[in-house]
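Here the structure comes first, spelled out in C-alpha coordinates, and everything after it is commentary.
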2 protein chains.
Amino acid sequence: MDEDMKDYTSETDQDTSTLHGEEFQTVAFLAKSLSDENRLRILLCISQGKKAVGSIVEELRLSQPLVSHHLKELKRSLLVTTTRSGPFIYYELSDFRILEAIKALNTVARDLLATRTTF
Amino acid sequence: MDEDMKDYTSETDQDTSTLHGEEFQTVAFLAKSLSDENRLRILLCISQGKKAVGSIVEELRLSQPLVSHHLKELKRSLLVTTTRSGPFIYYELSDFRILEAIKALNTVARDLLATRTTF
DNA sequence: TAATCGTATCAGTGATTATTTATATGCTAA
DNA sequence: TTAGCATATAAATAATCACTGATACGATTA
(Lines give C-alpha, C1' and ligand atoms only; values in the text may rest on other atoms or scores of the structure.)
Protein backbone atom coordinates (compact mmCIF):
# COMPACT_ATOMS: atom_id res chain seq x y z
CA MET A 1 0.00 0.00 0.00
CA ASP A 2 0.97 3.61 -0.35
CA GLU A 3 2.81 3.33 -3.63
CA ASP A 4 2.93 7.05 -4.30
CA MET A 5 6.50 7.51 -3.27
CA LYS A 6 9.31 5.31 -2.23
CA ASP A 7 11.35 5.31 0.92
CA TYR A 8 15.07 5.59 1.05
CA THR A 9 17.57 3.88 3.25
CA SER A 10 19.92 6.59 4.43
CA GLU A 11 22.72 4.30 5.51
CA THR A 12 25.14 5.15 2.76
CA ASP A 13 26.01 8.54 1.38
CA GLN A 14 23.69 9.72 -1.34
CA ASP A 15 24.94 11.08 -4.61
CA THR A 16 23.96 14.73 -4.65
CA SER A 17 25.86 15.62 -7.78
CA THR A 18 23.40 14.15 -10.22
CA LEU A 19 19.91 12.82 -10.49
CA HIS A 20 19.07 9.27 -11.37
CA GLY A 21 15.99 7.21 -11.96
CA GLU A 22 12.93 8.15 -10.00
CA GLU A 23 14.56 11.29 -8.59
CA PHE A 24 13.60 13.07 -11.78
CA GLN A 25 10.02 12.23 -10.96
CA THR A 26 10.14 13.43 -7.37
CA VAL A 27 11.94 16.66 -8.25
CA ALA A 28 9.43 17.34 -11.00
CA PHE A 29 6.63 16.67 -8.56
CA LEU A 30 8.09 19.02 -5.99
CA ALA A 31 8.74 21.71 -8.60
CA LYS A 32 5.14 21.48 -9.71
CA SER A 33 4.09 22.41 -6.19
CA LEU A 34 6.21 25.53 -6.50
CA SER A 35 4.93 26.37 -9.97
CA ASP A 36 1.90 28.29 -8.77
CA GLU A 37 2.07 31.88 -7.64
CA ASN A 38 -0.57 31.46 -4.97
CA ARG A 39 1.08 28.39 -3.52
CA LEU A 40 4.36 30.28 -3.26
CA ARG A 41 2.53 33.07 -1.46
CA ILE A 42 1.00 30.55 0.91
CA LEU A 43 4.36 28.93 1.61
CA LEU A 44 5.98 32.28 2.34
CA CYS A 45 2.98 33.24 4.43
CA ILE A 46 3.20 30.26 6.75
CA SER A 47 6.98 30.48 6.86
CA GLN A 48 6.44 33.14 9.54
CA GLY A 49 4.84 30.52 11.75
CA LYS A 50 1.96 28.11 11.71
CA LYS A 51 -1.28 29.71 10.64
CA ALA A 52 -4.90 28.70 10.41
CA VAL A 53 -6.65 28.68 7.05
CA GLY A 54 -8.69 31.77 7.86
CA SER A 55 -5.56 33.76 8.58
CA ILE A 56 -4.07 32.81 5.23
CA VAL A 57 -7.32 33.65 3.46
CA GLU A 58 -7.39 37.04 5.11
CA GLU A 59 -3.72 37.80 4.59
CA LEU A 60 -3.54 36.78 0.95
CA ARG A 61 -7.06 37.87 0.05
CA LEU A 62 -7.88 34.62 -1.70
CA SER A 63 -11.11 32.69 -1.50
CA GLN A 64 -11.31 30.08 1.22
CA PRO A 65 -11.93 27.14 -1.13
CA LEU A 66 -8.96 28.21 -3.23
CA VAL A 67 -6.67 28.35 -0.22
CA SER A 68 -7.92 24.98 0.96
CA HIS A 69 -7.31 23.57 -2.48
CA HIS A 70 -3.73 24.79 -2.58
CA LEU A 71 -3.06 23.68 0.98
CA LYS A 72 -4.25 20.23 0.03
CA GLU A 73 -1.83 20.24 -2.87
CA LEU A 74 1.01 21.42 -0.64
CA LYS A 75 0.19 18.68 1.81
CA ARG A 76 0.19 16.13 -0.97
CA SER A 77 3.74 17.16 -1.81
CA LEU A 78 4.64 16.91 1.89
CA LEU A 79 5.67 20.56 2.03
CA VAL A 80 3.27 21.39 4.86
CA THR A 81 1.92 19.63 7.91
CA THR A 82 -1.27 20.23 9.86
CA THR A 83 -2.26 20.33 13.49
CA ARG A 84 -5.82 20.65 14.66
CA SER A 85 -6.77 22.81 17.61
CA GLY A 86 -10.49 22.95 18.10
CA PRO A 87 -12.13 24.05 14.90
CA PHE A 88 -8.89 25.55 13.64
CA ILE A 89 -6.46 23.68 11.42
CA TYR A 90 -2.97 25.09 11.52
CA TYR A 91 -0.63 24.68 8.61
CA GLU A 92 3.12 24.94 8.91
CA LEU A 93 6.20 24.33 6.78
CA SER A 94 7.54 20.82 7.12
CA ASP A 95 11.04 21.71 5.92
CA PHE A 96 12.33 25.25 5.92
CA ARG A 97 15.00 24.42 3.38
CA ILE A 98 12.33 24.72 0.74
CA LEU A 99 12.72 28.45 1.31
CA GLU A 100 16.37 28.18 0.33
CA ALA A 101 15.41 26.35 -2.82
CA ILE A 102 12.86 29.05 -3.63
CA LYS A 103 15.45 31.73 -3.04
CA ALA A 104 17.86 29.91 -5.32
CA LEU A 105 15.22 29.86 -8.02
CA ASN A 106 14.56 33.53 -7.47
CA THR A 107 18.21 34.39 -7.85
CA VAL A 108 18.51 32.45 -11.08
CA ALA A 109 15.28 33.92 -12.39
CA ARG A 110 16.40 37.45 -11.65
CA ASP A 111 19.70 36.88 -13.39
CA LEU A 112 18.13 35.27 -16.41
CA LEU A 113 15.89 38.28 -16.81
CA ALA A 114 18.72 40.74 -16.20
CA THR A 115 21.16 39.28 -18.69
CA ARG A 116 18.52 38.79 -21.34
CA THR A 117 19.64 40.48 -24.52
CA THR A 118 16.41 41.02 -26.37
CA PHE A 119 13.28 42.77 -25.24
CA MET B 1 35.04 26.59 -25.40
CA ASP B 2 34.57 29.14 -22.76
CA GLU B 3 32.19 28.93 -19.91
CA ASP B 4 30.64 32.31 -19.48
CA MET B 5 30.05 32.12 -15.80
CA LYS B 6 29.70 35.46 -14.22
CA ASP B 7 30.57 37.00 -10.93
CA TYR B 8 27.68 38.38 -9.07
CA THR B 9 28.44 41.50 -7.19
CA SER B 10 25.21 43.28 -6.56
CA GLU B 11 25.22 46.64 -8.21
CA THR B 12 22.00 47.45 -6.44
CA ASP B 13 21.05 46.00 -3.10
CA GLN B 14 18.79 43.07 -3.74
CA ASP B 15 16.68 41.54 -1.01
CA THR B 16 17.35 37.82 -1.19
CA SER B 17 15.63 36.98 2.06
CA THR B 18 12.08 37.24 0.81
CA LEU B 19 9.98 37.47 -2.30
CA HIS B 20 7.85 40.39 -3.24
CA GLY B 21 5.45 41.36 -5.98
CA GLU B 22 6.33 40.07 -9.40
CA GLU B 23 9.00 37.73 -8.09
CA PHE B 24 6.33 35.25 -7.12
CA GLN B 25 5.32 35.19 -10.74
CA THR B 26 8.81 34.69 -12.13
CA VAL B 27 9.71 32.00 -9.60
CA ALA B 28 6.47 30.18 -10.34
CA PHE B 29 7.22 30.43 -14.03
CA LEU B 30 10.71 29.06 -13.58
CA ALA B 31 9.48 26.27 -11.32
CA LYS B 32 6.96 25.30 -13.95
CA SER B 33 9.82 24.71 -16.36
CA LEU B 34 11.32 22.31 -13.85
CA SER B 35 8.03 20.58 -13.16
CA ASP B 36 8.34 18.12 -16.03
CA GLU B 37 10.40 14.98 -15.79
CA ASN B 38 11.49 15.08 -19.42
CA ARG B 39 12.56 18.70 -19.20
CA LEU B 40 14.69 17.89 -16.17
CA ARG B 41 16.28 15.05 -18.10
CA ILE B 42 16.98 17.42 -20.98
CA LEU B 43 18.53 20.00 -18.68
CA LEU B 44 20.77 17.45 -17.04
CA CYS B 45 21.61 16.04 -20.46
CA ILE B 46 22.86 19.32 -21.87
CA SER B 47 24.61 20.20 -18.62
CA GLN B 48 27.44 18.01 -19.90
CA GLY B 49 27.93 20.41 -22.76
CA LYS B 50 26.04 21.85 -25.66
CA LYS B 51 24.24 19.26 -27.68
CA ALA B 52 22.23 19.13 -30.88
CA VAL B 53 18.61 18.07 -30.83
CA GLY B 54 19.33 14.72 -32.43
CA SER B 55 21.82 13.86 -29.71
CA ILE B 56 19.27 14.59 -27.02
CA VAL B 57 16.64 12.58 -28.84
CA GLU B 58 18.99 9.65 -29.08
CA GLU B 59 20.28 9.87 -25.55
CA LEU B 60 16.91 10.25 -23.84
CA ARG B 61 14.96 8.08 -26.26
CA LEU B 62 12.20 10.61 -26.72
CA SER B 63 10.50 11.55 -29.95
CA GLN B 64 12.03 14.43 -31.88
CA PRO B 65 8.93 16.65 -31.80
CA LEU B 66 8.62 16.10 -28.08
CA VAL B 67 12.21 17.12 -27.46
CA SER B 68 11.77 20.16 -29.69
CA HIS B 69 8.64 21.08 -27.78
CA HIS B 70 10.37 20.90 -24.42
CA LEU B 71 13.41 22.75 -25.71
CA LYS B 72 11.13 25.50 -26.89
CA GLU B 73 9.63 25.68 -23.44
CA LEU B 74 13.06 25.75 -21.81
CA LYS B 75 14.07 28.52 -24.16
CA ARG B 76 10.94 30.44 -23.28
CA SER B 77 11.97 30.34 -19.65
CA LEU B 78 15.48 31.47 -20.66
CA LEU B 79 17.06 28.34 -19.21
CA VAL B 80 18.75 27.37 -22.47
CA THR B 81 20.33 29.18 -25.38
CA THR B 82 20.84 28.04 -28.94
CA THR B 83 23.65 28.17 -31.44
CA ARG B 84 23.24 27.20 -35.05
CA SER B 85 25.98 25.40 -36.94
CA GLY B 86 24.89 24.30 -40.35
CA PRO B 87 21.76 22.23 -40.06
CA PHE B 88 22.44 21.52 -36.40
CA ILE B 89 21.03 23.59 -33.57
CA TYR B 90 22.95 23.27 -30.36
CA TYR B 91 21.29 23.83 -27.04
CA GLU B 92 23.17 24.69 -23.88
CA LEU B 93 22.45 25.76 -20.33
CA SER B 94 22.30 29.52 -19.93
CA ASP B 95 22.99 29.46 -16.19
CA PHE B 96 24.53 26.50 -14.48
CA ARG B 97 23.23 27.59 -11.10
CA ILE B 98 19.91 26.08 -12.13
CA LEU B 99 21.62 22.77 -11.41
CA GLU B 100 22.22 23.89 -7.84
CA ALA B 101 18.56 24.78 -7.50
CA ILE B 102 17.58 21.38 -8.86
CA LYS B 103 19.94 19.68 -6.44
CA ALA B 104 18.45 21.69 -3.59
CA LEU B 105 15.00 20.53 -4.60
CA ASN B 106 16.24 16.96 -4.78
CA THR B 107 17.70 17.14 -1.30
CA VAL B 108 14.48 18.51 0.16
CA ALA B 109 12.42 15.95 -1.71
CA ARG B 110 14.54 13.09 -0.46
CA ASP B 111 14.28 14.32 3.10
CA LEU B 112 10.56 14.84 2.91
CA LEU B 113 10.14 11.28 1.75
CA ALA B 114 12.59 9.91 4.30
CA THR B 115 11.19 11.63 7.36
CA ARG B 116 7.62 11.03 6.41
CA THR B 117 5.65 9.17 9.02
CA THR B 118 4.12 6.25 7.22
CA PHE B 119 1.04 6.15 9.37
C1' DT C 1 -31.20 20.00 20.41
C1' DA C 2 -30.05 24.11 17.16
C1' DA C 3 -27.06 27.50 15.57
C1' DT C 4 -22.66 29.17 14.15
C1' DC C 5 -18.01 29.28 12.88
C1' DG C 6 -13.96 27.16 10.49
C1' DT C 7 -12.66 24.17 6.98
C1' DA C 8 -13.14 20.70 3.42
C1' DT C 9 -15.19 18.94 -0.65
C1' DC C 10 -18.11 18.70 -4.73
C1' DA C 11 -19.40 20.03 -9.40
C1' DG C 12 -18.58 22.67 -13.25
C1' DT C 13 -15.79 25.59 -16.41
C1' DG C 14 -12.15 27.45 -18.96
C1' DA C 15 -7.31 27.29 -19.65
C1' DT C 16 -3.09 25.04 -20.02
C1' DT C 17 -0.18 21.19 -21.37
C1' DA C 18 2.21 16.74 -22.59
C1' DT C 19 2.19 13.72 -26.28
C1' DT C 20 1.58 11.80 -30.98
C1' DT C 21 1.26 11.97 -35.98
C1' DA C 22 1.88 14.43 -39.88
C1' DT C 23 3.80 18.14 -42.31
C1' DA C 24 6.64 22.15 -43.08
C1' DT C 25 10.98 24.70 -42.91
C1' DG C 26 15.88 25.33 -43.32
C1' DC C 27 20.55 23.87 -44.49
C1' DT C 28 23.95 21.40 -47.42
C1' DA C 29 25.63 18.70 -51.02
C1' DA C 30 25.36 16.79 -55.69
C1' DT D 1 17.62 22.54 -59.57
C1' DT D 2 17.15 18.04 -56.78
C1' DA D 3 17.53 15.00 -52.80
C1' DG D 4 18.22 14.29 -48.05
C1' DC D 5 19.01 15.34 -43.36
C1' DA D 6 18.07 18.21 -39.04
C1' DT D 7 14.77 20.64 -36.78
C1' DA D 8 10.50 23.13 -36.12
C1' DT D 9 5.64 23.52 -36.28
C1' DA D 10 0.70 22.30 -36.92
C1' DA D 11 -3.24 19.71 -35.58
C1' DA D 12 -5.62 16.71 -32.62
C1' DT D 13 -6.29 14.38 -28.29
C1' DA D 14 -6.34 13.45 -23.57
C1' DA D 15 -5.18 14.72 -19.20
C1' DT D 16 -4.32 18.02 -15.69
C1' DC D 17 -5.31 22.16 -13.20
C1' DA D 18 -6.70 26.73 -11.20
C1' DC D 19 -10.69 28.87 -9.92
C1' DT D 20 -15.63 29.78 -8.59
C1' DG D 21 -19.96 28.90 -6.29
C1' DA D 22 -22.48 25.88 -3.59
C1' DT D 23 -22.68 22.55 -0.19
C1' DA D 24 -21.16 19.35 3.33
C1' DC D 25 -18.56 18.29 7.39
C1' DG D 26 -16.66 18.98 12.00
C1' DA D 27 -16.17 21.42 16.37
C1' DT D 28 -17.95 24.57 19.77
C1' DT D 29 -21.48 26.97 22.30
C1' DA D 30 -26.09 28.23 23.72
Side-chain angles (χ1 to χ4, degrees), chain A residues 4-5 22 24-46 49-93 118, chain B residues 22 24-46 49-92:
Chain A
D4 282 347
M5 304 187 172
E22 75 278 344
F24 286 99
Q25 205 175 346
T26 58
V27 170
F29 185 70
L30 190 58
K32 187 153 54 177
S33 261
L34 305 179
S35 69
D36 184 88
E37 191 178 343
N38 286 329
R39 275 197 293 272
L40 289 176
R41 290 201 150 90
I42 291 174
L43 284 177
L44 269 291
C45 176
I46 66 178
K50 58 176 62 176
K51 290 181 181 174
V53 180
S55 303
I56 304 173
V57 167
E58 188 176 294
E59 188 168 335
L60 300 183
R61 295 187 170 187
L62 300 173
S63 75
Q64 180 266 316
L66 184 56
V67 170
S68 273
H69 163 69
H70 284 309
L71 286 172
K72 184 179 183 179
E73 188 65 27
L74 290 172
K75 197 173 180 182
R76 204 166 72 94
S77 62
L78 307 178
L79 282 177
V80 302
T81 57
T82 58
T83 50
R84 178 150 217 157
S85 172
F88 301 95
I89 302 183
Y90 292 93
Y91 284 79
E92 65 178 327
L93 280 187
T118 58
Chain B
E22 62 181 13
F24 287 99
Q25 205 175 347
T26 58
V27 171
F29 185 72
L30 191 57
K32 187 153 52 179
S33 262
L34 306 179
S35 70
D36 183 90
E37 190 178 344
N38 286 329
R39 275 196 294 271
L40 288 175
R41 289 200 152 90
I42 290 175
L43 284 177
L44 269 291
C45 176
I46 65 177
K50 59 176 62 177
K51 290 181 181 174
V53 180
S55 302
I56 304 173
V57 167
E58 189 177 292
E59 187 168 335
L60 301 183
R61 297 185 169 184
L62 299 173
S63 75
Q64 180 267 316
L66 184 56
V67 170
S68 272
H69 163 70
H70 285 309
L71 285 172
K72 184 179 183 179
E73 188 65 27
L74 290 172
K75 196 173 182 182
R76 206 165 71 94
S77 61
L78 307 178
L79 281 176
V80 303
T81 57
T82 58
T83 312
R84 177 147 221 157
S85 172
F88 301 96
I89 302 182
Y90 293 93
Y91 284 79
E92 64 178 327

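It should be emphasised that the depicted structure is a prediction, and the values quoted were computed from it without experimental measurement. Below, chains carry the letters A, B, ... as their sequence lines are ordered, and counting in each starts from 1.
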ask   = What's the CD1-P distance between I42(B) and dA18(C), to the nearest Å?
value = 11 Å

key: Main-chain N/O of S33(A) paired with R39(A) side-chain donor or acceptor, under 3.5 Å   = yes

request  = With the side chain counted from C-beta on, respond yes when L34(A) and L30(B) share a heavy-atom pair under 4.5 Å apart, and no when they do not.
outcome  = no

request  = Mind checking salt bridge (Lys or Arg N to Asp or Glu O under 4.0 Å) for K32(B) and listing every partner two or more places apart, or none if nothing turns up?
outcome  = none

ask   = Between atom NE2 in H70(B) and atom P in dT9(D), what is the gap in whole Å?
value = 15 Å

Distance in angstrom units between I56(A) CD1 and dG6(C) C1', rounded = 13 Å

query = Taking only residues two or more places apart in sequence or in another chain, which ones pass side chain to side chain contact (heavy atoms under 4.5 Å, CB included) with I56(A)?
reply = I42(A), C45(A), I46(A), K51(A), L60(A), V67(A), L71(A)

inquiry  = Between R76(A) (side chain only) and L78(A) (backbone N and O only), is there a donor and an acceptor less than 3.5 Å apart?
reply    = no

task = Could you verify whether a donor N or O on one side chain and an acceptor N or O on the other, from T26(B) and E22(B), lie under 3.5 Å apart?
result = no

Per-nucleotide protein contact string for nucleotides 7-17 of chain C, where B marks a base within reach and S marks sugar-phosphate only (heavy atoms under 4.0 Å, - for neither) = BBB-------S

message = I need the CZ-P distance between R41(B) and dT19(C), as an integer number of Å.
response = 11 Å

